[in-house]
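Below: the structure, in structure tokens.
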Amino acid sequence: MNWVDSAIAMLPEHFLLAGIVLLVALQSAAPARKEGAFLVSLAAVVAAAAVAAWLSLSGFAFAAFTDHYSVGPAALLAKAIVLALAVPVLLISRDEAGERAYSVLLLSSLYGVCLLLSADSFLTLFLGLELMSLPVYALVLVDYRRPRSAEGALKYLVLGGTATATLLMGASLLYGSGGSLALSAFGAALSSSDAMASAAVVLVVVAFYLKAAIVPFHAWAPDAYEAAPVPVTAYMATIIKAGVLLAAVRLFGSAPIAPPIADVLAILPLLSIVWGNLAAMRQQSFRRMIAYSSIAHAGYLFYAFLGDGDGRFQAVAFYVVAYGIMNLLAFASLPRAEDDIARDRLDSLKGLFHRKPFAAVMIAIAMLSLAGIPPFPGFVAKFLIFRNVFAAGYTVYAVLGLVGSYLGIYFYLRVIQYMFMSTEEPEVKQRSTGGLTLGATFLCLVLTVAIAVFPGWVIDHL
Amino acid sequence: MGDAGLLNLVLFLPVAGIAAIIVLPPRRDDLVRGLSLAVMIAGFVLTALLYVRYDASLDGLQFETRLPWIAAWGVYYQIGLDGYNVLLVLLTAFLGPLVVAGAFTAIQKDVKLFYAMVFALQFAMLGTFVAQDLFVFYLFWETMLVPLFLIIGIWGGERRIYATLKFVLYTAFGSILMLAAVIYLVYSLNTTTGITSFAFADLYRAELPLSVQTVLLAAFALSFAIKVPIVPLHTWLPDAHVEAPTAGSVILAGVLLKMGTYGFMKLAFPLFPDATRLFAPVFGTLAVVSIIYGACLALVQTDIKKIIAYSSISHLGYVMLGLVSLDLIGIQGAMMQMVSHGLVAGGLFLMVGMIYERCHTRELAAYGGLAKLLPVYSVFFALLTLASIGLPTTSGFTGEFLVLLGAFRAAWPQYVDGAVYPMVLSASAVLGVVLGALYMLWFAQRFLFGAAKAPHLPLADITLREKSILAAIIAAVFWLGLFPDEPMRKTELAARQYQQLVAEERTGVSVSAHRSEPSSPPGSSPLPVTLPVSSRTK
Amino acid sequence: MLIATSIALFALGLLGVIVRRNVLVMLMCMELMLNGVNLSLVTFAQQQATAAGAVLVLLVFVVAAAEIAIAIPIVLLLVRRKDGLDLDAYAELKG
Amino acid sequence: MSHLLALIVVLPLAGFLLNGLAGNRLGKAFVSTVGCGLPILAFAVAVKCLVDLQAAGGAPRIEVAYTWAAIGDSLFEIAFYFDALTAVMVLIVTGVGSLIHIYSIGYMKADSSYARYYAYLNLFLFFMLLLVLGRSMLVLFVGWEGVGLASYLLIGFWFEDPDKARAGKKAFITNRIGDAGFLLGMFLVYQALGTLDMDRINAAFMGTSPPAVSASLLGILLFIGASGKSAQIPLYVWLPDAMAGPTPVSALIHAATMVTGGVYLVARLSGVYMHAPEASAVIAAVGVFTALFAATIAVAQNDIKKVLAYSTISQLGFMFVALGVGAYGVAIFHVYTHAFFKACLFLGAGSVIHALGGEQDIRKMGGLARRIPVTFATFAVATAAIAGIPPLAGFFSKDEILWYAFASSHGGSPLLFAVAATTALLTAFYMFRLLWLTFFGRSRMTPEVEHHVHESPLSMTGVLVVLAVLSAIGGFLSIPHYLAPMLPLPEVAHELEYFETPLVVMSVVVAFAGLAAAAFVYGDAGARAEALRRRFPGLYRVLCGKYFVDEAYDALIARPLYWISDRVFLRIGDRQLFDGTLHGLAALGRRTAGGLSRVQNGSLHLYALFVLLGIIASLAWGWRHG
Amino acid sequence: MIESVLLWLFAATALAAAALMLVLRHPMRVALALTATMISLAGIYALLGVHVIAVFQVLIYVGAVMVFMVYAIMLLDVRDRSFTRRYSRMLVPGVAAAVAFVAILAHALWRGLPEAKSAPGVMLFGLKEFSVTFLNEYWLHFELVSVLLVAAVVAALAVIEVGRKHRG
């Protein structure tokens, strides 16, 4: 029975893998069938998400590979969340899905995320992280509309490689001090006073910071986000971030956090919040602005680790869901244009309300939610995190974080200001919004409303 | 329909209004206007019904709804009417149709969005007033910003972007600190009493050391003081008022500013009574400074709307003074002053809007002798001016008189005991009455009297629609001026409760004192801050 | 001693990324970082007498190869456009 | 319980509403009927109440209309109180008021805002009756502010003229300053006694255990209010300007009724003042000084109404002297006689102005005695009355004031008497000067004005005659004795009683001396007056400029207030300090954002350096603690 | 004893070659220096007794990665400013930071380095033992590596295709 359980445990991954295999096969068999590639990838992701959710709800837990890979309801739920967030991403990537490799790369990356969320050892974690990242380096320039994309990809790759090396260095020091490459060694090292262990912890945390774009390890993010096509930016902003953070939750477990590390876990995220929010204020590129916004949000997310160990998953998961949906809502509603650069310019949003009222309202909702203004989900998410931080006694950090979040309000409002209050009508050749994109928008909208109206229900189920 | 259902209906009627507006066919602005007015009137009628059925002799909440909402945090969807909010809810519902009707001709751009935003604002304001759970309160409180941001920013005047950003960023800054305080407060309640709850009633029992109370009070007070606004946190107000469209100004002055004073009364002061008592002189001073400072600035404005805006600062100062007096008469006066200012300032802004629609300027110097040009308009304007001055028989008098009497009554014993300062304060506040007459009459004199001039001639006097709006306000003004007893009876128990709460000594750290009375109903376990989900991450 | 060497290699690699303008040199410096890590992993594996470290090193080999496999085409793309390997020329995305 | 008192109040209110809302549509006849009829009706009801009062043996009648507010233990009722004092005041208000309403039919008939005028006038009566009928200080205050409003509206009745509108505003604001004092007094008394009912307040102060509050402080605060309403120094400045309103208004509001509100207030609260010797002394001093001060100004005024206005201030000063020395009944007596003769004078002046088509400068009059004989005759009687020529009404009241100023044990003194007597002399002088310049001598009118001169219609002259008669015989009704049960006259030291007769004689002499002096100076077509003027140019300029008090107030209060508001509060406070801070913070944020953008300079080297530095910082932090 | 000396020697070579990498002007020479480092490391691995890794180091790294690298260098035989000006503006702060990094980490390790459980030079894993362990315990990773390689190949192909598509 063991291998059956193993198979079930990895069922989401298997679905994704099947999708990959099918796609590769399809590509060699019928290179022209773009529709098929899209449908296959969509089916794979939906199936994987559904299975993960179902397994999670049924309370399935199994250590498929002792010390390396195990699933439990939480891990499965995390996978379900990430995979579900990938559905709108796929829906809005009709144009890009035309590129043959796109779907394969996306599925591979998702496979990596799933792996990441089940990892029990640094080996698996490392592989998951790489599998998650490597395809994205290519995805950044897969829809090569701008020469600059390559530059963004390179920066992402080099700093991503640095992150890998840093993670490995940390893992190796952990290994050296504790004799184990199991993830649990990290939790133990967190409370250890051993200098080597704490150095290891710092290095591992830095690697996660690099992946999640926490100041000062954030610098790749604005450039890569701007370089990437819209769906990939959305993918990076939501799923990569969600994967990294949820993996971090798994890494930290419920281990308590002691002062020196706690400060690192507070000061740099705080810096991110402030930096991200300030730097976003003067951006002219929508994606770049979202990049800085995501830097700030990564800060909030890492704040969750200051909180009590048991609440971290809930806080991060809720935040990731709310934040992901909001970003996707914004990206899905972003009107399409012939010219990618023009589409990206914030100026092209001016007067959007008069051209596309629905899109404008959707983007406005997304912006307000990202700004943490109630009644939108972003507020409850932020509340949850800061509540935990307060409860853990980090009052000063919590207050500073909140004040930092205040700085972000302006640039989100600026987008709304452009859309609603500007009478200018920029010359943008727009294309009509596809049905799938609209579907993604509605999906996000429904979820937004659901979370806004029943946050209690959502929290109870996380 | 059950009692609680009625209140829910009133609260969610604006949401229904938004939904209705969305489904209306495009380019049928007249339909949108008519529908909005109908919904608003229905809302007012229902609210009036609530008001009539509100039993003044009962303490506590009426028409209460309490449903678990975020069970894990002890957050309940809890709304209800009590003496604190009953008048303000009525005021909000009353101004609703007037705002809608007042914007019929003024708003020609994006009509659908405009009325949707007005409804959203109405929803948020009603929600803020009726919320009995701090989380829900905060939710509504913040939500208010969004529609107003758009209303000022889209339909406002020339510097609307500046004004609306200033307003939102200013207000949001206060809110963010309040949010910190809210979380900390709830957390403290949990650690001292073991109760996890956001319900006002539970939070009133939190026992905090004075230093903590002080810090939390400062955070709450900052947020509320910005909203009131209290000098020196007021500079957003003139800009917001001036740039906002008429409807925005009316709502801003009529209801929104009361959020601040309501917050002080319902939350900031009763939650942290010991700190409040300690800092009452500071708040009193700020209140009096606001009264005088606002009046002085109103005196030197050349923009009509700014005069009224600064007068609002002055008038809200009375409310604050009444609240910090902790005297029953003063508190009741503050209540009356809140409603009165809502009516009077709202009415004045409506009137300014009417003249602005005709002449497209707000420069006072452009006008003169309107009494000749627009006799009916002028009569209404004069009446509102007098109410603003606080002439007896108008609502303004009721408020100011009771506030000043209360403040004096509270200050005098201290004076006899040797503390001159409170006495100086209340005497200075009385000076505000003089200044109030000075700037308003100066304004009315330039505006209504003298040689007739206006930028656009000839002017059409106000229409039946406008007359009806103003007549409704005037009627309310005189109702409160002549017969304030009936409304005050409904607020009396709340005023007493407020007085008692603030008078309580609550620095005690005795944990056991309140432990025996769990507030949560059976079924929802009083949760500690640690969350129940934990196990899954392992 | 070997750990110190490993750290030094790691640092030299990172330093190379920071200071060398040639893109290909930069990529090689990344490899150097990974080699530094490998050294420490092997050393610890040897000290602990467990296979996990060695296995990880093996995985690193593969990943390093994969990274280079993706990196080189990207560099090709860049060079084709700018006809140069100078990283300072690739600073168009900023702000 | 009947609601007769409420009826008295409501009648004029009904008039106001009818005229105000429907007057323009229903025509002048309707307006006149309602406007005059309802006050007359109110007068009738007041008489009925007086009869009832007498029948009840003087026991006050109390009517509670409704509860205005009940807060905790505090009860604020709208209640009316009717005793002898109220009776006198109500009858004056409704009686003289009705007469002036009738007079206005003729005076205002050409005005386009006829209905508005009557509405305002009725409104005034309503508030004035509230003022005198109110049992509680709250009701009194409602009336108090209300008459201020009516006065404001009527002064600015011809609002197209900015000066007139400004005069109305000035009256209101000045009154407001007084009201602030009144309010404080009201708060103080409420704080001490828990009631605002004036009969209770008096009772409390008269009782065996006096309340724990300084009666003098209370008295002075209330007197500040009274001095605003009754135009005493330093708040008198509004009254001369108030002459901008229609002349009947000046007669009614600014001579006969409203301005005596302050006197009424002090008399009504005699219980307090009897126990407040300091406050009483202040009142007497302010009163006598105001009387003298205003009289000197009146000597040099050339506007017929301004002369009368200053004379009113001066006479009010006399009343306060009486109040200050405890002779409350006497003060009311003077209110009563003053109402007649001053109303008669103003209405007469109105008749003159009417006859001359709006001319008010007495230098452009003269020789009118024959042209408008009825006006002249009545004006002359009233002038004699105010000057204190026996046996006219003014003689009796003024004589009593002078007597008590001298002899009252409650603050009377020879000095007070001397100043008051001087003022009386001046009064006679400037009044006869007015009479002389207006009616005697040769005409100085322009020909076209002269051509139009005509006697006023019957509605006006009839009223003049009635008032003249009352001015003549009113003094025989001894109000002080009637009021003595509730407002006892102050005791007079036994040894001073000898002076009574000589003082009577002296006051008669003073009156005639003034008459003679005026006749001497102005009898020869103004040559002697001119000589005097040249002799004392400085004094003349000061008097003409009314001691430059308005200018001083402007420079000392108004301008600094505006200056501080504009320069300090608005420019420095709001714009630089508060907004400046905000803008500074915003600019800081923008600059920081710009700096951060520059840091993100696109160089991968720099980004990698960030990473290294970040690692070092993180490690160092752990190391420092580890 | 001899092992110890060799270990020192290899380590020194590796470090020296690594340092040379930062100094040498031509990428080809840098590549050679890197190869030298790698071979030195392979020597160390062999000395430590981890022969499998030493073999893979030579095979995969030197044999595959470096060959690919050299191939790229030759393909892109462009000479530009990065040859004449080797260093970015971050040279001084970079060097300082790197020194600080080594100092801090070395300091941390100085105090925290645990006792070695086995002496260097002891043969730990022969090829056979290693293979058995690997396929017993780590076959998941083996499979995953294949997925990773598929993804990497697809990614590389995608990038190359992008280049091909936009050449003209």
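First the proteins, then the strands, lettered A, B, ... as listed; each starts at 1.
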So does E:S88 get a backbone contact from the side chain of C:R20, meaning a donor-acceptor N/O pair under 3.5 Å? no
Shorter than 4.5 Å, heavy atoms on both sides: which option in E:A12, E:A155, E:A19, E:A31 has the most such pairs with chain C? E:A31
Heavy-atom contact with chain C under 4.5 Å, split by part of E:L15: both
In the structure I gave you, are the side-chain heavy atoms of C:E31 and E:V65 within less than 4.5 Å of one another anywhere? yes
Please state whether the side chain, the backbone, both or neither of E:L75 comes within less than 4.5 Å of a heavy atom of chain C. side chain
With no hydrogens and no angle check, just 3.5 Å: does a side-chain donor-acceptor pair link E:Y45 and C:Q46? no
C:V55 side chain near E:F142 side chain, heavy-atom distance below 4.5 Å: no
With respect to chain E, which residue among C:I70, C:L39, C:V57 yields the maximal number of heavy-atom pairs within a distance under 4.5 Å? C:L39
Per-residue contact mode, C:A65 against chain E (heavy atom under 4.5 angstrom): both
Is it true that the side chains of E:Q57 and C:N35 contain a donor and an acceptor less than 3.5 Å apart? yes
What part of E:V23 gets within 4.5 angstrom of chain C, counting heavy atoms only: side chain, backbone, both, or neither? backbone
Knowing that exactly one of C:T5, C:L9, C:N38, C:V42 qualifies, which makes a side-chain contact (heavy atoms from CB on, under 4.5 Å) with E:L41? C:L9
Classify the ring geometry of C:F61 against E:Y61: parallel below 30°, tilted from 30° to 60°, perpendicular beyond 60°. perpendicular
Minimal heavy-atom distance between C:A11 and E:V102, with the atoms involved, is CB-CG2, 3.4 Å
Minimum side-chain heavy-atom gap C:I7-E:F101 below 4.5 Å: yes
Heaviest contributor of heavy-atom pairs below 4.5 Å to chain C, chosen from E:F10, E:Y71, E:W8, is E:W8
Worked verdict on E:M21 versus C:L32 for side-chain contact (heavy atoms from CB on, under 4.5 Å): CA-CA 9 Å; E:M21 280 176 72; C:L32 185 62; 3.8 Å; yes
One option among C:L14, C:I74, C:L2 has the most heavy-atom pairs under 4.5 Å with chain E, and it is C:L2
Distance (rounded to the nearest 0.5 Å) between C:L41 CG and E:I53 CD1: 9.5 Å
CD-OG1 distance between E:E137 and C:T50, expressed to the nearest 0.5 angstrom: 9.5 Å
What is the distance from atom CD1 of E:I73 to atom CG of C:L24, rounded to the nearest 0.5 Å? 5.5 Å
Is it the backbone or the side chain of E:L22 that comes under 4.5 Å from a heavy atom of chain C, or both, or neither? both
Separation between CG of C:L12 and CG of E:L20, rounded to the nearest 0.5 Å: 10.5 Å
Name of the residue among C:V63, C:V62, C:L58 meeting side-chain contact (heavy atoms from CB on, under 4.5 Å) with E:V145: C:V62
Per-residue contact mode, E:A11 against chain C (heavy atom under 4.5 angstrom): both
Kindly write out the residues that satisfy ring-ring contact (aromatic ring centres under 6.0 Å, His included) with E:Y138, not counting sequence neighbours, or none if the list is empty. A:H68, E:H141
What do the steps show when you test C:I72 against E:M69 for side-chain contact (heavy atoms from CB on, under 4.5 Å), and what is the final call? CA-CA 8 Å; C:I72 296 291; E:M69 203 73 220; 4.0 Å; yes
Heavy-atom distances under 4.5 Å only: say whether E:R29 touches chain C with side chain, backbone, both or neither. neither
Just give me the residue among E:L157, E:V153, E:L149, E:L105 that pairs up with chain C most often, heavy atom to heavy atom, under 4.5 Å. E:L105
Closest approach of E:L148 and C:A66, non-hydrogen atoms and distance? CD2-CB, 4.2 Å
Distance check, rounded to the nearest 0.5 Å: E:L7 atom CG versus C:T43 atom OG1? 8.0 Å
Residues of residues 89-97 of chain E near chain C, each having a heavy atom less than 4.5 Å away: E:M90, E:L91, E:G94, E:V95
Winner by heavy-atom pair count (cut-off under 4.5 Å) against chain C, out of E:L34, E:I60, E:L144, E:V99: E:L34
Pairwise distance CE(C:M28) to CG(E:L24) - rounded to 0.5 angstrom: 9.5 Å
